[in-house]
Amino acid sequence: MTQKQPPYKADKDNQDERAIPYTLGNLEAGEPCCIPKAHLQVQNLSVSYNNITVLDDVSLDIHKGCITALIGPSGCGKTSFLSALNKLTDLTASAEVKGSILFDTQNLVSDKIDVMALRRRIGMIFQQPNPFPLSIWRNLDLPLREHGFRNKSVRRKKIEKSLQDVGLWDEVKDRLQDSALALSGGQQQRLCIARALVLEPEILLMDEPCSALDPISSCVVEELILRLQGKYTVIIVTHNLAQARRIANYAAFFWMKERVGKLIEFGQCQHLFETPKDDLTAAYISGAKG
Amino acid sequence: MALLKTSFLFLSSLKHQPDRTLSFFLAILAALSGLLLLLVILFLAKEAWPGLTNGGWRSFLTHKSWYPLEGMFGIFPMIWASLAMMFGAVLIAIPLGLSAAIVMRFYIPPTSLLAQAYRLILGLLAGIPSVVYGLWGLTVLVPLIGQLHPPGASLLAAILILALMILPTIALTALAALEAIPKTILSGAAALGMSQKGQILSVALPAARMGIIGGILLSMARALGETMAVLMVAGNVVQNPDSLFAPVRALTANIALEMAYATSFHRASLFASGLLLTFLVFLLSWFASRNMGNNHYG
Amino acid sequence: MFVNLKLVWLVTLLFFSSFSTTMAADNRLVITGSSTVAPLALEIAKLFENNNPGIRIDVQTGGSSRGINDARMGLANIGMVSRALKPAESDLTPFTIAMDGIGMIVHKSNNIKTLSNAQIIAIYKGKITNWKQLGGSDLAISVVNKAEGRSTLELFLKHFSLKNSQIKAHVVIGDNQQGIKTVSGTPGAIGYVSIGTAEYEEKQGTPIRLLPLAGVSASVRDGVFPLSRPLNLVTKGKPSLLAKRFIGFAQSAEVHGLVKNQFFVPLKP
Amino acid sequence: MADQIFKAVILACTAFIGLVFLWILGEVVVKGISHLSFSFLFDAPVNSGRAGGIAPILVSTLMIIIVAVSVSVPLGLGVAVWLSEFTKQGQKFATSTRLTLDVLAGIPSIVYGLFGNAFFCIYLGLGFSILSGGLTLACMILPIFIRTCEMGLRTVNDSWRKGALALGMTRTAAIWHILLPSATPAIIAGLVLGIGRATAETAALIFTSGYVDRMPESFMDSGRALAVHIYDLSMNVTGGDHAAYATALTLIILIVFFNIMAQFMMDQWLGRKVLSS
């Protein structure tokens with residue numbers, strides 16, 4: 001199970017082609033190949049709302065340091081899957097999660113998990129950039145303080161590093177006290193990623209992080225995600241098949257069967273796109289279905 | 001739908017101690033504020049109890065009128081007076097208020113100085129204390145009516161003052177409801193070649209009717225519960241309203257007038273009429289909120 | 001359960017009460033009741049406060065029944081009642097401070113000079129509805145009646161042997177002042193108020209006129225006016241020290257000037 | 001043709017309303033201004049308010065508002081936060097609390113006066129006092145305030161809640177640092193609505209805070225509110241109309257002043273933090 005795709009190189013080529021006006025930060029790219037070691041083991045996961053099952057019997061391993069793309073049409077349970085991983089399903093009163101998600105010997109489906117600590121280790125980025133209506137600085141400062149970083153200079157270092165990692169530091173360093181909502185869409189999304197990174201999570205969940213952005217911002221964010229590879233385990237939901245192909249090491253294809261979301265196929269990205277085992281997968285990636 | 005989506009935080013998922021403490025503390029506050037209604041009703045009922053037990057309530061129904069000195073506690077003349085004022089006021093305020101809303105929505109551009117000034121005045125008048133309306137009624141309106149039919153303090157004066165007081169509410173809620181109608185509905189009607197009058201009367205008003213009715217019910221509740229303005233202009237004679245110029249006493253005015261010195265059964269009767277008033281107003285606001293809640297456009 | 005609730009509320013309120021003096025403080029008096037007595041009590045209170053710095057006396061009106069009620073409930077230290085106490089009110093102790101009468105008033109422009117008892121009764125029963133019927137100008141009569149609970153009303157009804165339900169009123173008023181205001185603003189109106197208040201207002205230039213009653217011109221000075229009454233301060237049980245001092249002061253000759261200024265009749269020494 | 005007549009009729013109605021309202025406002029302003037002066041605001045009433053000013057009445061009014069606001073705001077804010085952030089749709093306790101508040105909002109003010117008299121004045125023994133009156137008004141404005149705040153909290157961008165929680169923040173922190181600041185305009189609006197009601201109220205105060213028109217020395221003193229003063233001057237004082245109009249003008253100016261202050265505060269707030277949905 002060796003990862004063939006050399007993402008860093010491809011990324012460089014793309015960058016030249018698109019002539020991106022932004023400079024990305026100094027986040028060093030991880031190992032070119034991710035380690036084939038399960039970071040999360042999902043077994044027989046089902047999610048239901050109001051007793052209506054939206055995701056049924058999903059089992060797959062998320063590999064450490066890899067980017068895993070979840071693809072498939074809308075409403076097939078991809079977002080529910082993500083939410084189950086950091087227990088954001090708790091927020092919906094009627095949601096019920098069954099099965100098991102193993103993370104460091106802990107079963108995340110259990111009620112006894114300390115969700116606050118868990119969410120610090122598993123960060124999440126949403127489709128719509130959601131910086132808080134506070135200053136840029138406080139957007140990053142607040143979560144740090146809430147997680148007990150009392151020392152101001154420590155916080156300052158972490159914030160600066162995190163902003164540099166997402167390539168935002170040079171753009172905002174002179175206006176850290178300005179409202180985060182005054183930033184452009186792409187900047188906002190990178191700020192949200194910085195906000196997640198500042199807590200040094202192990203896993204990042206991304207729910208269509210580029211789909212609400214304009215093409216150029218979208219590219220910048222995509223570059224950024226690629227650079228996260230190796231350092232972080234990334235699970236990304238995307239509707240953009242080309243994007244999934246460009247950045248992901250692994251891909252999981254979800255589909256609605258009898259109104260219930262199912263995992264149809266899971267495997268290395270290249271294999272899934274080039275030699276799909278399932279007819280549905282083949283039809284979807286060729287554009288015949290979906 | 002928006003409500004459904006947003007209310008997602010709930011107690012069972014509170015894993016953290018500060019959250020649980022806060023939730024517990026806030027739930028106590030909520031219970032306390034809920035207790036307030038219980039407290040209000042309990043105290044009203046406690047004070048009204050001597051008037052309601054031992055067949056006391058029967059005296060409200062059987063006696064023709066209200067003469068506490070003679071032990072007569074019939075409240076019907078005052079109920080009729082209150083209702084007559086309320087309906088009279090609404091009857092006048094509805095067409096006028098709707099006209100104002102229609103004009104502001106369809107005939108003058110909302111950004112024009114005139115429209116803004118008009119809206120400002122309506123907003124200001126909605127916030128003016130009822131006692132100021134009463135003052136104006138007492139010193140301007142009552143003498144005017146008095147020239148027609150002395151002494152002037154009458155059902156008519158009360159109706160006119162109440163109509164003025166609820167007009168801003170009716171106009172502003174109707175305006176909000178009209179503004180909430182999707183533009184496509186109106187342009188659809190215009191595309192069918194309807195006249196502006198037709199568009200307004202047969203498309204816009206029906207589409208906004210829930211909001212408009214809700215506003216009317218709310219203002220009816222306000223008219224029924226109003227005390228000071230009515231007390232100042234209605235003459236306060238307990239009698240069935242047999243003419244517009246007859247002085248009458250509303251239920252609310254009766255409480256304000258006699259509460260200070262009523263004792264025993266008399267006092268209990270006043271508290272009982274307070275309970276009745278609460279019940280009537282509650283019915284109206286309940287209907288109103290049901291209407292507003294079902295309104296698709298606003 | 002109620003005791004506990006009360007405790008909870010009281011604890012909540014402690015914040016406010018902590019920096020406030022309470023009603024039971026011995027430098028404060030609350031006096032409520034008859035609007036006839038109130039102006040006099042207010043003047044006496046001012047003088048009393050001047051003589052005794054640090055004392056504060058609050059006077060509020062609302063009718064004799066309120067005076068009785070508040071004194072009973074403990075809402076007021078002293079109640080003001082503009083009539084003699086009834087047998088049912090024997091739990092209160094009355095202290096008479098002056099005498100007053102009730103007089104009929106009409107608008108100043110009204111040319112009727114006198115009314116007999118029978119005429120007044122007919123007017124109040126709604127049998128006479130225009131001043132023309134009494135030889136006056138062609139003007140509808142507006143009958144001004146007092147609200148229940150006012151001792152002025154009770155005395156008026158008793159004197160004319162009327163029942164309130166027989167009266168066909170056009171306006172029902174509360175305070176004496178309100179009655180005077182209504183009559184002064186309505187040319188065809190007739191009402192009855194405290195003579196003291198009416199005389200005071202007449203002197204101030206308010207357009208009203210007192211009518212003689214049964215041929216006796218309106219003044220209680222010699223005590224012969226038919227509709228006279230005592231003005232009382234009442235307390236529940238024994239008055240507190242301060243209340244006792246105030247009542248003593250209000251009954252003393254020191255305030256006779258004030259009493260006369262309000263057109264009431266001082267007690268004979 | 002029918003279109004023209006219709007237009008003419010409703011334009012006439014609208015103009016008529018405008019004129020009547022201008023008449024009322026004009027009457028208050030013209031009659032009020034002639035009596036309004038610096039000394040009117042800073043003197044004590046003389047001769048039942050025929051002469052002198054309204055200084056003690058202004059002070060009483062402000063004290064009553066202070067009591068009402070300082071009781072209803074913390075309580076109301078807490079309940080609003082609980083309703084919008086800690087209850088789920090259809091939860092019985094929350095539904096019944098909401099229903100209770102709706103009923104409370106509908107109760108006529110004179111009934112609050114009855115309740116305040118029976119509960120605060122007599123049962124708790126507070127007598128006729130600014131405290132009794134303020135607490136009665138607090139009960140009256142509580143449901144309105146809670147409603148506005150709850151609505152404000154509900155319209156706060158949901159993604160901020162999710163974002164905060166996804167960062168492992170506690171709800172308490174999310175409410176304190178993000179939701180309440182974002183809902184500030186609504187909270188201020190609710191506050192102004194409540195203060196407006198409290199300032200305009202008469203019926204609930206007559207039997208709770210009383211009539212005394214002297215300078216209050218403590219919250220346990222009886223104090224006459226501006227609206228009560230207007231009522232008393234116009235009903236019970238011969239020749240008090242001009243003072244009544246001057247007081248009415250003062251009251252209206254006060255209410256407008258509160259509104260402008262609120263608008264100013266909101267603008268400040270919005271200027272500082274760009275809030276968008």
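Keep in mind that the numbers below use all heavy atoms, side chains included, and drop hydrogens, waters and symmetry copies. Order of the sequence lines fixes the chain letters, A, B, ..., with proteins taken first and strands second; residue numbering starts at 1 for each chain.
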Inset, instruction - Against chain B, label D:A2 side chain, backbone, both or neither, depending on which of its atoms sit under 4.5 Å from a heavy atom there. - result: both
Legend entry - Among D:V79, D:I24, D:V81, D:V103, residue most engaged with chain B (heavy-atom pairs, under 4.5 Å): D:I24
Legend entry - For chain B, which residues of residues 4-11 of chain D have heavy atoms nearer than 4.5 angstrom: D:F6, D:K7, D:I10, D:L11
Legend entry - Partner chain D: residue of B:L284, B:I28, B:I102, B:V140 with the largest heavy-atom pair count (under 4.5 Å): B:V140
Inset, instruction - Begin with the C-alpha distance, continue with both residues' side-chain angles, and end with the deciding distance and a verdict on side chain to side chain contact (heavy atoms under 4.5 Å, CB included) for B:L231 and D:Y231. - result: CA-CA 10 Å; B:L231 176 66; D:Y231 167 70; 3.3 Å; yes
Inset, instruction - Might you point out which heavy atoms bring D:A227 and B:V131 nearest each other, and give the distance in Å? - result: O-CG2, 3.6 Å
Inset, instruction - Output the option from D:L22, D:T97, D:V28, D:L114 having the highest count of non-hydrogen pairs under 4.5 Å with chain B. - result: D:L114
Inset, instruction - Check the pair D:W82 / B:F25 against side chain to side chain contact (heavy atoms under 4.5 Å, CB included), numbers first and verdict last. - result: CA-CA 9 Å; D:W82 185 75; B:F25 177 67; over 6 Å; no
Legend entry - Partner of B:V132 by side chain to side chain contact (heavy atoms under 4.5 Å, CB included), out of D:I230, D:L25, D:T202: D:I230
Legend entry - Atom of D:F93, atom of B:A27 and distance for their closest heavy-atom approach: CZ-O, 4.0 Å
Inset, instruction - With rounding to the nearest 0.5 Å, note down the distance linking CE in D:M235 to CG in B:L138. - result: 6.5 Å
Inset, instruction - Kindly compute the distance separating CZ (D:F119) from NZ (B:K46), expressed to the nearest 0.5 Å. - result: 9.5 Å
Legend entry - Max heavy-atom pair count under 4.5 Å with chain D, selected residue of B:L125, B:T252, B:L280: B:L125
Legend entry - Top contributor to chain B contacts, counting heavy-atom pairs under 4.5 Å, from D:D102, D:N117, D:L99: D:N117
Inset, instruction - Determine the minimum heavy-atom distance between D:P108 and B:V281, stating which atoms define it. - result: CG-CG2, 3.7 Å
Inset, instruction - Report the distance from atom CG of B:L37 to atom CG of D:L142, rounding to the nearest 0.5 Å. - result: 11.5 Å
Legend entry - D:L83 side, atom CG; B:S33 side, atom OG - distance, nearest 0.5 Å: 7.5 Å
Inset, instruction - Say whether, by atom type as modelled, one donor and one acceptor occur between the side chain of D:D3 and the main chain of B:K197 under 3.5 angstrom. - result: yes
Inset, instruction - Please determine, among D:G116, D:A248, D:A118, D:A15, the option with the most heavy-atom pairs under 4.5 Å with chain B. - result: D:A118
Legend entry - Segment of B:Y133 engaging chain D (4.5 angstrom heavy-atom cut-off): side chain
Inset, instruction - Walk me through it: do D:I17 and B:Y118 pass the test side chain to side chain contact (heavy atoms under 4.5 Å, CB included)? - result: CA-CA 10 Å; D:I17 300 171; B:Y118 202 84; 3.5 Å; yes
Legend entry - Greatest number of heavy atom pairs closer than 4.5 Å to chain B - which of D:I255, D:D241, D:T172, D:T100: D:T172
Inset, instruction - Rounded to the nearest 0.5 Å, what's the gap from CZ on D:F115 to CG on B:L44? Could you check? - result: 8.0 Å
Inset, instruction - Could you please spell out the steps behind the side chain to side chain contact (heavy atoms under 4.5 Å, CB included) verdict for B:M228 and D:I206? - result: CA-CA 10 Å; B:M228 300 321 288; D:I206 291 181; 3.6 Å; yes
Inset, instruction - Say whether B:T139 and D:Y245, considering side chains only, have a donor N or O and an acceptor N or O under 3.5 Å apart. - result: yes
Legend entry - B:T227, part contacting chain D, at a heavy-atom distance under 4.5 Å: side chain
Legend entry - Over 12 foreign heavy atoms within 6.0 Å of CZ, B:R267: yes
Legend entry - Closest heavy-atom pair and its distance - D:V111, B:G274: CG2-O, 3.7 Å
